[in-house]
Amino acid sequence: MLSRQFVRENPDAIREALERRGIDDVGFEDLLAVDEEWRELKSRGDDLRHERNQVSNRIGELKREGNEADAEAAIERSQQLKETLQEIEARADELEADLEQRLLELPNVPREEIPTGQNERDNEEVRRHGFETARELPADVTPHYDLGEDLDVLDFERGAKVAGGGFYFLKGDGARLEHALVRFMRDLHREQGYTEVFPPIPVNTTAMTGTGQLPKFADDAFRVGARNDQPYDDDDLWLCPTAEVPVTNMYADDILLRDDLPIKHQAYTPNFRREAGEHGTETRGIARVHQFNKVELVNFVEPDDSDDRLESLVAEAEAVLRRLDLPYRVVLLCDGDLTFASAKTYDIEVWAPADDMAHGPDRGGRWLEVSSASNFEAFQARRIGLRYRPERHESAEYLHTLNASGLALPRVLIALLEYYQNEDGTVTIPETLRPYMDGQERIEGHDPVGESAVGAGKRE
RNA sequence: GCCAGGAUGGCCGAAUGGUAAGGCGCACGCCUGGAAAGCGUGUUCCCUUUGGGAUUCUGGGUUCGAAUCCCAGUCCUGGCGCCA
């Protein structure tokens with residue numbers, strides 16, 4: 001959320017920001033009109049209240065003096081004021097609620113320095129890593145969804161059986177690899193100075209609103225105990241769509257000390273997303289699913305430090321891919337591709353060599369976004385009530401929040417299965433992960449279970 | 001889930017229907033050779049800032065007037081119950 005003062009004083013900056021993001025449906029001019037009318041009514045209400053306070057005070061004095069007659073007259077005047085006040089304030093409250101709602105739906109202002117563009121094609125590649133020293137790949141790389149089923153480490157049909165499309169089982173070495181990755185990432189981030197938290201998985205409406213998932217993006221979230229199109233209030237629960245939500249909100253309404261900052265938290269959680277409207281894109285495999293694991297990095301910093309912190313945060317997330325020796329690139333998002341709450345975002349995209357994509361890497365395969373590192377500046381902090389006191393005698397001010405995935409598991413798994421696969425259909429486990437898998441060096445697969453495997457000729 | 005008690009500024013804490021004491025912390029000033037102590041001022045948010053308004057967990061209600069009375073909710077503490 002932007003501050004009312006900023007909105008009032010810099011309407012042109014906001015018009016430009018909306019233009020850059022390609023947003024024209026938020027009714028910003030109406031917002032300004034509502035604000036103006038609200039302030040007008042607020043001022044009149046304040047004057048009436050001032051008079052009422054004086055009269056009330058007088059009533060107290062008169063009563064103490066025993067002057068009942070004058071007290072009665074004052075009470076009558078007070079009653080009149082009360083009626084007028086109720087009308088004006090009821091209208092002012094409506095306007096303020098409207099104003100608040102409109103402010104909640106206004107996106108953050110993109111940073112000056114980020115590129116201008118329409119969509120992801122206009123993002124700017126910042127750097128690539130790991131391609132010069134890439135390993136020798138099989139002539140035909142098998143996509144992870146086929147290889148995963150061949151090795152019987154991924155099972156989509158049985159996932160759909162128990163939870164529906166978009167859910168899957170990891171089995172045997174697949175499940176072990178998942179846990180190994182989580183433990184490796186957590187260890188790495190602990191070396192980087194992160195304090196680990198394990199948050200609640202259901203989060204309430206207030207928290208979802210604080211980080212910006214609500215009110216605009218309710219369709220993407222899993223509602224607990226009700227359908228998404230039913231009305232909700234502050235206490236209703238949603239399944240964690242990213243650990244950003246519980247972790248960023250954990251200090252809501254707190255005042256932190258300067259000495260507390262920066263705070264660096266990491267959190268492993270499962271994440272749940274409806275991915276509404278995404279059917280038909282990347283439906284095969286585990287690139288886009290309704291439940292996935294992720295290690296999230298969340299930073300709380302002083303405003304002056306957030307620029308530098310964003311650069312370091314990207315490096316901390318990249319370190320995961322470097323240690324796994326997976327080739328990747330970093331892109332700076334253009335204003336048109338920026339998410340709602342962010343002022344500046346870098347994406348980290350790992351190279352998955354099996355399927356070719358349009359506008360993909362020149363050597364084939366596709367880019368998979370495994371992390372999005374964003375500086376939200378005070379946008380989330382203002383919604384959440386997240387402040388710190390710069391000096392002990394100074395008033396509290398909003399701090400800056402940042403976060404990055406470190407990393408999203410399924411897409412890393414895709415890259416591992418495709419990049420580390422061998423001619424014979426086995427998968428080499430990168431050295432970094434072997435300590436987490438009892439020294440195991442390869443995934444050789446398991447025999448499939450059940451009669452269907454016999455019919456398919458995979459078992460006798 | 002039931003019963004009882006509770007929630008007041010950065011922190012502690014008083015006020016039980018008449019308009020939020022006091023203390024601590026912190027900052028500045030006075031005082032001092034310097035410091036401590038002492039004294040004074042300041043230390044939430046909003047508005048159109050020589051001023052005004054709001055704010056006693058949240059939302060309703062009663063009243064001319066609510067921290068105070070009533071209703072609903074959230075959280076905390078204690079007791080009972082249930083539970084992996």
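No hydrogens, no waters, no symmetry mates; every other heavy atom, side chains included, goes into these values. A note on names: the letters A, B, ... follow the listed sequences, proteins ahead of strands, and every chain is numbered from 1. Note that this is a predicted model, so its numbers are computed, not measured.
Between A:Lys63 and A:Gln79, the residue whose closest nucleotide on RNA chain B is further toward the 5' end is A:Lys63. Closest-nucleotide positions on RNA chain B for A:Arg39 and A:Asp47 were compared, and the one nearer the 5' end corresponds to A:Arg39.
Comparing B:rG73 with B:rC83, their C1' atoms sit 26 Å apart, to the nearest whole Å. Nucleotides B:rA15 and B:rA7, compared at atom P, are 11 Å apart to the nearest Å. B:rU16 and B:rU8 are spaced 14 Å apart, taking the C1' atom of each and rounding to whole Å. Atom P of B:rC26 sits at a distance of 29 Å from the matching atom of B:rU58, rounded to the whole Å. Comparing the P positions of B:rC69 and B:rG5 gives an interatomic distance of 12 Å, to the nearest angstrom. B:rC28 and B:rU68 have their C1' atoms separated by 37 Å, given to the nearest Å. Between B:rG13 and B:rG1, the distance separating the two P atoms is 30 Å to the nearest Å. B:rG51 and B:rG33: their C1' atoms are spaced 45 Å apart (whole Å).
Between A:Arg8 and B:rC47, a side-chain N or O to OP1/OP2 separation shorter than 4.0 Å is present. Within the structure, every side-chain polar atom (N or O) of A:Asn53 is placed at least 4.0 Å from both OP1 and OP2 of B:rC64. OP1 or OP2 of B:rG53 has not a single side-chain nitrogen or oxygen of A:Lys42 nearer than 4.0 Å.
Using a 4.0 Å heavy-atom criterion, one finds that A:Ile59 contacts the bases of the nucleic acid, with or without backbone contacts as well.
Nucleotide B:rU56 is matched to nothing when pairs are restricted to Watson-Crick or G-U wobble geometry with both distances under 3.5 angstrom. Taking a pair to require two hydrogen-bonding distances under 3.5 Å in either a Watson-Crick or a G-U wobble arrangement, B:rG1 pairs with B:rC80. Across all strands shown, B:rG51 pairs with B:rC47; the Watson-Crick or G-U wobble distances both stay below 3.5 Å. Under the Watson-Crick or G-U wobble criterion, with both distances below 3.5 Å, B:rC11 is paired with B:rG23. Look at B:rG38: its Watson-Crick or wobble partner, with both distances under 3.5 angstrom, is B:rC30.
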Yes or no on ring pair (Phe, Tyr, Trp, His ring centres under 6.0 Å) for A:Phe300 and A:Tyr251, after CA distance, side-chain angles and deciding distance? CA-CA 10 Å; A:Phe300 304 85; A:Tyr251 299 112; 5.3 Å; yes

Report the C-alpha separation of A:Trp238 and A:Tyr232 in whole Å, then their side-chain angles, then the decisive distance to 0.1 Å, and conclude whether the ring pair (Phe, Tyr, Trp, His ring centres under 6.0 Å) test is met. CA-CA 10 Å; A:Trp238 309 74; A:Tyr232 55 85; 5.1 Å; yes

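As a whole-Å value, the separation of A:Arg382 CZ from B:rC46 C1' is 15 Å. As rounded to whole Å, 11 Å separates atom P of B:rC45 from atom CD of A:Glu397. At whole-Å resolution of the value, CZ in A:Arg52 and C1' in B:rA66 are 11 Å apart. Atom CD in A:Glu37 sits roughly 16 Å away from atom C1' in B:rU48 (whole-Å rounding). Atom CG in A:Leu257 sits about 20 Å away from atom P in B:rU43, given to the nearest Å. Between the C1' atom of B:rU49 and the CG atom of A:Asp46 lies a distance of 12 Å, rounded to the nearest Å. When rounded to the nearest whole Å, the span between CG of A:Asp253 and P of B:rU44 equals 17 Å. Counting to the nearest Å, the P atom of B:rU48 and the CG atom of A:Leu41 are 13 Å from each other.
Side-chain proximity of A:Arg387 to the nucleotides B:rG53, B:rC45, B:rG18 is greatest for B:rC45. Residue A:Arg49 places its side chain closer to B:rG53 than to any other of B:rG53, B:rC46, B:rC64. Listed candidates were B:rU19, B:rG10, B:rG52. Nearest to the side chain of A:Arg389 is B:rG10. Of the candidate nucleotides B:rU63, B:rG52, B:rU48, B:rU48 has the atom lying nearest to any side-chain atom of A:Glu40. Candidate nucleotides B:rU19, B:rG10, B:rU74 were compared by shortest atom distance to the side chain of A:Asn57, and B:rU19 ranks first. For A:Ser78, counting side-chain heavy atoms from C-beta on, the closest listed nucleotide (B:rC64, B:rU44, B:rU48) is B:rC64.
Of the charged side-chain nitrogens involved, none lies within less than 4.0 Å of a carboxylate oxygen, so that A:Glu394 and A:Arg389 do not count as a salt-bridged pair. A salt bridge is absent between A:Asp307 and A:Lys344; no separation between the charged side-chain nitrogens and carboxylate oxygens falls under 4.0 Å. A salt bridge links A:Glu316 to A:Arg309: at least one charged side-chain nitrogen sits closer than 4.0 Å to a carboxylate oxygen.
Here the side chains of A:Phe376 and A:Thr248 are not in contact, with every heavy-atom distance at 4.5 Å or above.
Side-chain atoms of A:Arg223 and A:Asn228 include no donor-acceptor pair closer than 3.5 Å.
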